[in-house]
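The structure appears right after this line, and notes come after that.
Chain letters run A, B, ... following the sequence lines, proteins first and then strands; every chain starts at 1. Here the structure is a predicted model, which means the values were calculated and not measured. Reckoned from all heavy atoms, side chains included, excluding hydrogens, waters and symmetry mates.
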2 protein chains.
Amino acid sequence: MPAKRPAVPLSHERIIEAALHIADGQGLRRLTMRRLGDALQVEAMAIYHHLPRGKEALMDALAEHVTAVTVEPSDGGWQEIARAWAHAGRSALLEHPGVLALALTKPPQGGALMAIREQAEQLAASGLGDAARAAQAVRTLRAYVMGSVAVEIQRSGWAAPTGGDEDEQALLPALASGGAEPPEEAAAAFERGLEALLRGLSRT
Amino acid sequence: MPAKRPAVPLSHERIIEAALHIADGQGLRRLTMRRLGDALQVEAMAIYHHLPRGKEALMDALAEHVTAVTVEPSDGGWQEIARAWAHAGRSALLEHPGVLALALTKPPQGGALMAIREQAEQLAASGLGDAARAAQAVRTLRAYVMGSVAVEIQRSGWAAPTGGDEDEQALLPALASGGAEPPEEAAAAFERGLEALLRGLSRT
DNA sequence: ACCTGAACACCGTTCAAGT
DNA sequence: ACCTGAACACCGTTCAAGT
């Protein structure tokens, strides 16, 4: 007769992966230790063996997962490097919209903190200016990236203006033709804002 | 003998106010229908009479509360108007850090949607350009404001580098002397980033 | 109209126990 | 070392009932 249950043993990575799948598919509020256990074919309590701080540790790990990005150092100018970081950051956040609230809210730890430091070092080394100037640029760029993804996710939840609801319809400006927005439009809007920001960062 | 309980009757506003107090003071995860009822000296189930969709309606209302800002139309240039909206938006979000995750994540509704439209109209009317240009500017500014507050809140939760934890300490760049940041520094960083963004928005 | 009480189907987490 | 089962103190929400 076949072995009973743990075809593949539990691991930190398998837990994170399953948790992301649930959060993205059903929403963060439905990510439950019991549901997570079910998805992993294990009793919920088994998870505590790998994540001793329980759900809090799980949340921390999820935030770090979508926020700890890496960018190969390049010999381009600082603007090119800034672009690379911005694109990498946006992609990582966008891949797992279900945990965006955590990513924007939890203090960066571990790999996320490393990413911030590396970004500052690369910008300073590529001619942006001294450490303080680079730190300010990183902060501003991070704010823009995180906020842009927030706007993008918010938009994907906008209700299309139903014919019957004239009240809502009157509120929708040119800026929002209403309803969900095609990904290319969101990407183009991100690009335009990023270029504006880089222009602003370069003058003084 | 005195009347029993409802010295002051329940109302939408009292509920929101109490909920914000709990979320800011103890965190969103501890904002519970039962705890909210306690704070209002009422059984939790009484809240459903004013918020028929229950906790979901409460969350929506909280997000709208910190996100539906107003700015008096002024005769300044578009940059001055953009500054006013950015400052108002940041202040409103910063006043209730406990519900930031909701504010950045829920699609804007009602007053929040009105705010977006008004901002676009004011910018277009004050010389920024046509409706499309104004819409792009609003989007970029909103992203920057929301992201900036996210960075600020994240920082307020940063652990100070304890002497014993050399690993974390090594990760903290010039950009993060470590530990919480004084509010004036956060405000100054916001201002510098905002000015860079406005510069970038004005060229082309 | 507004609020309560009891009930139901879930939660996170602990702890002793199994293998 | 890794997982289970039972238990505890909570959750959100429904529904009939009170005033």
Going by heavy atoms closer than 4.0 Å, what residues in residues 14-29 of chain B are next to DNA chain C?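 Correct list: empty, so none.
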Flag yes if more than 12 heavy atoms outside A/E191 fall under 6.0 Å of its CD atom; otherwise flag no.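 Correct, the count exceeds 12.
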Compare the minimum distances between each of [options] and the side chain of [X], then state the nucleotide with the smallest one.
X	options	result
A/Y48	C/dC3, C/dC11, C/dT13	C/dT13
B/V42	D/dT13, C/dT4, C/dG12	C/dT4
B/R34	D/dC3, D/dT13, C/dG5	D/dT13
A/H49	C/dG5, C/dC2, D/dA1	D/dA1
B/M45	C/dA7, D/dC3, D/dT4	C/dA7

For the pair B/E56 and B/K106, find out whether any cationic side-chain nitrogen is under 4.0 Å from an anionic carboxylate oxygen.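 The answer is yes: the pair qualifies as a salt bridge.
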Will you find, in the side chains of B/T140 and B/Q136, an N or O donor that is under 3.5 Å from an N or O acceptor?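 Note: B/T140 and B/Q136 side chains meet the donor-acceptor criterion.
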Do A/Y144 and A/L194 have side chains that approach each other closer than 4.5 Å (heavy atoms only, starting at C-beta)?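 Contact flag for A/Y144/A/L194 side chains = yes.
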Which base, if any, makes a Watson-Crick or G-U wobble pair with D/dA1, both distances under 3.5 Å?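 Across all strands, the one nucleotide that pairs with D/dA1 is C/dT19.
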Whom does D/dA6 pair with, Watson-Crick or G-U wobble, provided both distances fall under 3.5 Å?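 Base-paired to C/dT14.
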Short side-chain N/O contact from A/H50 to OP1 or OP2 of D/dC3, under 4.0 Å: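 So the side-chain polar atoms of A/H50 do come within 4.0 Å of the phosphate oxygens OP1 or OP2 of D/dC3, strictly under.
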Answer yes or no: does a side-chain N or O of B/T32 lie under 4.0 Å from OP1 or OP2 of D/dG12?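 Yes.
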B/Q122 and B/R117: side-chain hydrogen bond (donor to acceptor under 3.5 Å, both in side chains), yes or no, with the steps? CA-CA 9 Å; B/Q122 289 186 19; B/R117 187 189 58 163; over 6 Å; no
Can you check the B/R30 CZ to C/dC11 P distance for me, whole Å?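 Those two atoms, CZ and P, are 20 Å apart.
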Does the plane of the ring in A/F190 sit parallel, tilted or perpendicular to the ring in A/H87? Use 30° and 60° as the thresholds.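 Rings of A/F190 and A/H87: tilted, 30 to 60°.
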